[in-house]
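Right, one structure below, let's go through it.
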Amino acid sequence: MTEKDFIPSEYKYQIEEGEVTWKSPSNIALIKYWGKEANQIPANPSISFTLNACATTTTVTYKKQKEEGKEFSFDLFFEGNLKEDFKPKINTFLKRVEAYLPFLKKYHFIIKTSNSFPHSSGIASSASGLSALALGLMSLEKELNPEITEDYFTKKASFLARLGSGSAARSIEGDLVQWGAYNGIENSSNLYAIKYPYNVHSVFKKYHDTILLVDKGQKEVSSTVGHNLMHGHPFSKQRFAQAHDNLTKLKEVFETGNLKTFIEIVESEALTLHAMMMTSLPYFVLMKPNTLEIINKIWEFRKKTNTHVCFTLDAGANVHVLYPESEKEEIFQFIKDELVAFCQNGQYICDQIGFGAKKM
Ligand code: DP6
């Protein structure tokens with residue numbers, strides 16, 4: 001599919017008003033998206049586990065205006081409070097998707113959104129937040145044209161979410177989601193994410209992610225700025241090629257369930273992401289001393305116990321501790337005994353693989 005396929009022709013129905021609620025999860029990338037071109041086109045393919053507990057719930061109420069507006073008309077509530085400072089981000093998103101949702105200026109929207117995870121936990125809410133909003137807008141499009149198929153609905157929701165935030169494209173479905181053109185996966189696309197289409201070993205069917213909140217402060221460098229620093233980056237070419245290679249290796253791991261190689265790829269991806277930050281110009285470091293303490297403890301424990309605990313990082317100091325269901329007791333005990341001490345105020349979130357967004 002191309003961008004043009006997401007521009008609708010005339011709508012069949014007139015809808016005056018309505019309301020819809022979506023709950024959309026966050027996701028954690030195993031192969032990282034870092035670097036992009038214009039229009040939110042990723043510089044390399046990525047793949048993620050969809051999460052379950054970390055989610056955003058968004059209610060979109062829409063009412064047709066007497067006349068089509070010149071600007072977008074909406075009110076935004078976050079956790080019950082009117083949030084003027086979130087509006088520019090939503091406005092940018094609406095501008096980017098307007099060509100694909102030509103009805104936007106005909107309505108006044110009330111957007112009410114809340115997160116399941118604590119505010120300012122350092123957990124990015126852009127993936128869950130923008131996917132939930134994209135789904136809400138798609139529900140209105142479906143009212144206007146009920147002939148839309150489920151497949152088109154899902155793809156376009158991911159396509160729109162991507163225009164808000166790249167990683168949000170991977171938050172529509174579960175449990176393993178791939179985004180970005182890649183030779184080894186038929187139908188993979190830069191425009192939207194797809195459910196990973198091949199065999200996945202049962203060990204990955206129930207995987208845990210305990211998120212250790214190491215630093216809950218505002219990030220010093222946003223992802224958007226970080227992505228842009230990949231332009232003219234001395235290692236970008238190798239990095240983008242490496243993501244393709246790692247995806248090829250991961251495909252085999254998903255088939256065989258080889259956790260040793262899984263760990264190698266996932267941890268290397270996390271450290272490479274941060275290595276790219278440290279070697280950008282300007283350079284920056286998002287890990288904190290406790291991030292490294294945790295990583296070292298994980299390596300020690302893994303060596304000592306021969307378990308399959310590993311870590312990944314997103315663009316921040318928090319650590320995602322990944323482990324299979326069969327080892328959950330031993331590893332969760334280790335987390336409580338040895339890792340929680342490195343979390344800010346002892347805070348962590350127990351999550352696991354989830355199956356995508358839900359209409360409420
Ligand atoms: C490190 O999706 O937050 O989490 O497209 O600019 O909104 P924008 O960036 P964003 O970048 C996420 C980067 C990452 C890796 C990943 O999720 O793949």
Side-chain angles (χ1 to χ4, degrees), residues 24-51 54 56 86 88-90 92-93 95-97 121-134 158-172 174 176-182 188 190-193 196 209 211 218-231 233 236 239-240 242-244 246-247 250 265-278 280 284-287 291 311-320 322 351:
S24 194
S26 186
N27 68 74
I28 181 67
L30 304 171
I31 307 268
K32 307 289 180 182
Y33 147 57
W34 198 245
K36 61 177 164 181
E37 305 298 332
N39 300 322
Q40 295 284 101
I41 297 301
N44 66 261
S46 58
I47 192 161
S48 50
F49 276 151
T50 302
L51 295 180
C54 289
T56 299
F86 282 16
K89 190 161 186 184
I90 302 298
T92 305
F93 169 66
K95 258 190 221 153
R96 288 187 192 163
V97 299
S121 56
I123 296 197
S125 57
S126 67
S128 53
L130 286 156
S131 55
L133 182 54
S158 172
F159 172 89
L160 298 173
R162 181 197 103 244
L163 291 169
S165 178
S167 53
R170 299 188 312 244
S171 271
I172 306 295
L176 204 47
V177 177
Q178 192 272 332
W179 168 46
Y182 159 68
S188 61
N190 283 334
L191 299 181
Y192 47 82
Y196 180 73
D209 179 2
I211 309 165
Q218 188 77 25
K219 275 190 280 185
E220 288 115 81
V221 182
S222 75
S223 291
T224 304
V225 170
H227 284 293
N228 284 329
L229 293 175
M230 290 302 280
H231 291 288
H233 190 292
S236 60
R239 161 58 198 153
F240 301 146
Q242 179 200 36
H244 286 261
N246 278 345
L247 201 44
L250 202 52
I265 298 166
V266 168
E267 291 190 346
S268 160
E269 276 288 319
L271 294 176
T272 302
L273 168 71
H274 284 257
M276 291 300 113
M277 298 172 187
M278 289 189 242
S280 306
F284 59 105
V285 181
L286 295 182
M287 289 190 280
T291 311
F311 71 87
T312 187
L313 307 166
D314 53 19
N318 296 335
V319 182
H320 289 249
L322 304 178
D351 211 335

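Both counts, for ligands and for their atoms, begin at 1 and track the order of listing.
Of the heavy atoms in N27, none comes closer than 4.0 Å to ligand 1. Counting heavy atoms closer than 4.0 Å to ligand 1, residue A29 contributes side-chain atoms (C-beta onward) but none from N, CA, C or O.
Ligand 1 has an N or O atom lying under 3.5 Å from an N or O atom of G166, backbone or side chain. Between W34 and ligand 1, a contact under 3.5 Å exists for no N or O pair.
Evaluation of the side-chain hydrogen bond (donor to acceptor under 3.5 Å, both in side chains) rule for S167 yields no partner, not counting sequence neighbours. When the ring pair (Phe, Tyr, Trp, His ring centres under 6.0 Å) test is applied to F93, no partner is found at least two apart in sequence or on another chain.
Summarising the contacts of atom 12 (C) of ligand 1 with K32, Q40, H227, the nearest heavy atom is found in H227. Of the listed options A270, S167, A243, S167 places a heavy atom closest to atom 2 (O) of ligand 1.
Of the residues listed (S171, S222, S165), the one engaging S126 in a side-chain hydrogen bond (donor to acceptor under 3.5 Å, both in side chains) is S165, and it is the only one. Only one option out of L273, L313, V266, T272 pairs with K32 in a side-chain contact (heavy atoms from CB on, under 4.5 Å); it is L273.
In this structure, F49 and L176 have side chains that are in contact, with non-hydrogen atoms separated by less than 4.5 Å.
For ligand 1 and K36, the ligand atoms under 4.0 Å from any heavy atom of the residue are 5 (O), 6 (O), 8 (P). Atoms of ligand 1 found under 4.0 Å from any heavy atom of A315, numbered from 1 in the order shown, are 1 (C).
To the nearest 0.5 Å, the span separating CG on L30 from CD1 on I265 amounts to 9.5 Å.
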